[in-house]
Student: 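So that we are looking at the same thing, I have put the structure below in structure tokens.
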2 protein chains.
Amino acid sequence: MARPTLKDVADRVGVSAKTVSNVVNGTGWVTAELRERVQVALVEVGYRPNAAARQLRSGRSGMIALAVPELSQPYFAELAASLVREAQGRLITVLVNQTDGLAEVERKISEGIGATAVDGIILSPLALGASDLEGRRDSTPLVLLGEHIGTSTFPHVTVDNTAAAKAATQHLLSIGCRRIAAIGAQDEGPNETALLRLAGYRAALEEAGIPVDESLILPVDAFHREDGARAARRILSEGLQPDAIFAFNDLLALGAMHVLATANVRVPDDVAVIGFDDIEEGRYSTPTLSSVSPNTGELVARAIDLLFAQPPEPGMHTVGFTIAHRASTKGPAQ
Amino acid sequence: MARPTLKDVADRVGVSAKTVSNVVNGTGWVTAELRERVQVALVEVGYRPNAAARQLRSGRSGMIALAVPELSQPYFAELAASLVREAQGRLITVLVNQTDGLAEVERKISEGIGATAVDGIILSPLALGASDLEGRRDSTPLVLLGEHIGTSTFPHVTVDNTAAAKAATQHLLSIGCRRIAAIGAQDEGPNETALLRLAGYRAALEEAGIPVDESLILPVDAFHREDGARAARRILSEGLQPDAIFAFNDLLALGAMHVLATANVRVPDDVAVIGFDDIEEGRYSTPTLSSVSPNTGELVARAIDLLFAQPPEPGMHTVGFTIAHRASTKGPAQ
DNA sequence: GTCCTCTCGTTCAACGTTGAACGACACACG
DNA sequence: CGTGTGTCGTTCAACGTTGAACGAGAGGAC
């Protein structure tokens with residue numbers, strides 16, 4: 001049997017479809033007695049509104065899209081989980097896309113999700129830079145996650161990557177480390193996150209009066225465990241002998257720690273390690289991983305707020321972070 | 001400016017809206033010359049079809065919903081990533097929901113995703129049992145992930161949990177383990193996954209002629225790292241002295257390994273460990289984690305196939321698995 | 001010349017919903 | 001007794017799209 005419509009309910013009660021619509025939406029004037037009867041009928045026939053018709057009429061879909069590079073990366077998975085939860089609380093459903101960090105896909109998504117209309121788009125770009133978005137035609141509200149230098153056309157929400165990276169480096173300095181390696185620099189491509197975190201690393205060292213040893217800055221292709229592992233192998237094979245590692249995200253840190261453990265390098269005794277993102281995995285690694293912990297809950301809530309902000313509030317919006325102190329940076333004192 | 005419609009394009013070229021529709025969809029008869037002109041106009045005005053109107057007219061939305069307990073759990077994140085990728089390849093968009101394993105939410109989702117109409121629903125239930133779904137009213141196709149005893153009304157796709165658990169246990173037996181603990185039994189609630197994996201564990205021991213020591217079967221509240229950690233602490237505090245652990249998923253295994261490492265119990269030398277799910281994290285843990293590796297790619301592809309299968313193919317559909325041999329189960333011989 | 005077929009394009013209505021505009025009826029006010 | 005003012009409900013049209021039905025013209029067969 002076909003799904004019941006407003007008209008079916010209306011015929012049953014003997015009123016107009018519009019009146020049933022008013023009961024469903026709490027609009028207009030309906031006497032208590034009639035409302036009651038309509039509500040009974042609604043339940044009896046099992047009415048559920050037709051989303052497509054509503055959307056066609058009102059222009060709103062009640063859906064927002066989230067696009068991340070890879071959902072399988074714990075940080076993005078936790079971000080998505082947090083966003084979906086927040087959205088469910090606001091009666092919004094979330095549509096998830098993966099870009100694989102490809103500029104082409106990211107652009108397509110910023111121009112509207114394929115054929116599906118959504119009320120807003122939250123994009124965590126990897127390949128796309130500020131300038132790529134200027135020529136955007138689609139009028140769907142767009143909020144960017146992660147920092148984007150020089151973009152002021154769209155709102156973007158982010159932790160202050162540079163400040164956070166600086167704080168992470170300072171934490172390593174505070175426990176006595178002096179030869180701090182950085183894993184996660186990116187020579188090619190416009191990965192602004194890597195640039196900003198590197199800037200924070202440099203700033204902390206300079207402020208501490210420690211010259212930056214460029215050989216301790218290790219580039220990576222991507223921010224995966226295997227890239228961290230590769231960098232750690234290079235540290236070992238080239239005999240760089242750092243006393244600490246600041247990895248630009250937790251996966252890099254975990255990949256590196258895995259290699260260090262295999263090579264019998266002790267963490268934190270021989271090398272302290274700190275990551276970035278504070279994914280849950282780091283709380284159960286051996287040793288547990290210190291990390292920059294961005295306030296993800298605030299991040300996603302702000303992102304949704306900004307998506308629907310009237311008037312729009314373009315520009316950068318930062319959320320807080322803390323440093324999670326765990327075993328991988330316990331100083332010699334401990 | 002408002003989004004251009006078929007009519008806008010039609011007026012521009014001087015044809016009817018329907019003809020433009022025909023060009024867009026490749027239906028009906030249009031001369032090559034006219035089609036060409038329409039296509040130019042389409043690009044010029046930047047036409048993009050209105051999903052709501054299409055759906056209202058055709059009844060199809062091009063969207064499917066995925067509902068998992070928690071997206072932040074790596075297994076579900078990797079599953080979702082895989083499903084989204086597969087769906088994108090088929091020009092389907094995926095809407096993600098989280099149930100938190102609550103029966104109420106799972107039921108609501110099985111009855112249609114809130115207000116939003118989708119072409120199909122893929123549900124990975126935790127709390128909901130077979131009987132809960134019998135009274136379902138909604139006619140949206142539904143496919144279940146994970147095993148459900150006795151449900152034949154809906155298609156469900158799963159690995160053969162019992163066979164896989166048996167294989168995992170046999171792997172531990174094959175490297176010489178005899179006191180094999182099982183972490184992940186669930187006394188309360190209808191978690192059928194736990195029941196089936198426990199059955200496989202028992203079957204392997206019985207077949208090998210080893211009596212099942214009930215004290216080695218450790219119950220958990222959930223399948224998270226902390227539950228695995230708690231179980232491992234109990235193993236230590238109660239002096240159970242197993243020579244191997246079969247954890248019913250990788251998170252339990254990783255939580256347990258973390259506690260073992262902290263307590264200076266060596267894996268695999270003192271205790272071998274095997275998990276289930278083969279999440280990426282296990283390839284970088286210390287030591288790397290052996291695991292049952294279900295064929296997730298096949299799982300999600302089958303799930304989508306079954307969603308749209310005509311005629312429907314209710315009942316169980318199993319996908320394959322392999323055992324990933326890693327450091328956590330390297331026998332003494334190595 | 002009539003009928004048929006084929007090609008190419010049109011008009012029409014409908015999908016289910018809701019904003020806008022419009023009664024109708026009751027009551028109060030001057 | 002007319003003129004508001006407020007309450008309750010209706011009708012109408014439109015959102016953008018596409019299936020169905022319907023021309024109109026060209027060409028071929030009888």
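Not measured: the values here are computed from a predicted model. We use all heavy atoms of the structure for the numbers below, so side chains are in, but hydrogens, waters and symmetry mates are not. First the proteins, then the strands, lettered A, B, ... as listed; each starts at 1.
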Student: Using a 4.5 Å cut-off on heavy atoms from C-beta on, say whether the side chain of Pro69(A) contacts that of Ser124(A).
Tutor: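 Of all side-chain heavy-atom pairs linking Pro69(A) with Ser124(A), at least one is under 4.5 Å.
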Student: What is the distance, rounded to the nearest whole Å, between atom CG of Asp8(B) and atom P of dG16(D)?
Tutor: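 Atom CG in Asp8(B) sits about 8 Å away from atom P in dG16(D).
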Student: Mind listing the N/O atom pairs, protein and nucleotides 18-22 of chain D, below 3.5 Å?
Tutor:
unit_1: dT18(D); atom_1: OP1; unit_2: Asn25(B); atom_2: ND2; d: 3.3
unit_1: dT18(D); atom_1: OP1; unit_2: Arg54(B); atom_2: NE; d: 2.9
unit_1: dT18(D); atom_1: OP2; unit_2: Ser21(B); atom_2: OG; d: 2.8
unit_1: dT18(D); atom_1: OP2; unit_2: Asn25(B); atom_2: ND2; d: 3.3
unit_1: dT18(D); atom_1: O2; unit_2: Arg57(B); atom_2: NH1; d: 2.4
unit_1: dG19(D); atom_1: N7; unit_2: Lys18(B); atom_2: NZ; d: 2.9

Student: Expressed in angstrom and rounded to an integer, what is the separation of Asn50(B) atom CG from dG16(C) atom P?
Tutor: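 About 16 Å, once rounded to whole Å.
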Student: Please set out all donor-acceptor pairs under 3.5 angstrom arising from side-chain atoms of residues 33-40 of chain A, sequence neighbours excluded.
Tutor:
unit_1: Arg37(A); atom_1: NH2; unit_2: Val13(A); atom_2: O; d: 3.1

Student: Is any side-chain heavy atom of Arg3(A) closer than 4.5 Å to a side-chain heavy atom of Ser139(B)?
Tutor: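 Sidechains of Ser139(B) and Arg3(A): no contact.
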Student: Check this for me: does any side-chain nitrogen of one of Arg48(A) and Glu111(B) sit under 4.0 Å from a carboxylate oxygen of the other?
Tutor: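 A salt bridge is absent here (no side-chain N lies under 4.0 Å from a carboxylate O).
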Student: OP1 or OP2 of dT10(C) sitting under 4.0 Å from any side-chain N/O of Ser16(B)?
Tutor: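 Checking Ser16(B) against dT10(C): at least one side-chain N or O falls below 4.0 Å of OP1 or OP2.
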Student: Could you give the CD-to-C1' distance, from Gln55(A) to dG16(C), as a whole number of Å?
Tutor: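 Between C1' of dG16(C) and CD of Gln55(A): 13 Å.
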Student: Do the side chains of Asp8(B) and Arg12(B) get close enough for a salt bridge, i.e. N-O under 4.0 angstrom?
Tutor: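 No, no charged N to carboxylate O under 4.0 Å.
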Student: Can you establish whether the number of heavy atoms outside Arg60(A) located under 6.0 Å from its atom CZ is more than 12?
Tutor: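 Check fails, neighbour count at 12 or below.
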Student: Kindly state which residues belonging to residues 31-44 of chain B come within less than 4.0 angstrom of DNA chain C, counting heavy atoms of the residue only, listed by number.
Tutor: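 Only Thr31(B), Leu34(B) qualify.
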Student: Pick the closest DNA chain C nucleotide for Thr19(B) and for Leu56(B) by heavy atoms, then say which residue is nearer the 5' end.
Tutor: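 Final value for this comparison: Thr19(B).
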Student: Verify the distance criterion only: is there a donor paired with an acceptor across the side chains of His224(B) and Glu70(B) at less than 3.5 Å?
Tutor: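 His224(B) vs Glu70(B): donor-acceptor pair found between side chains.
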Student: Could you grab the distance from atom CD1 of Ile64(B) to atom OG1 of Thr140(B), nearest 0.5 Å is fine?
Tutor: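 One finds 12.5 Å between CD1 of Ile64(B) and OG1 of Thr140(B).
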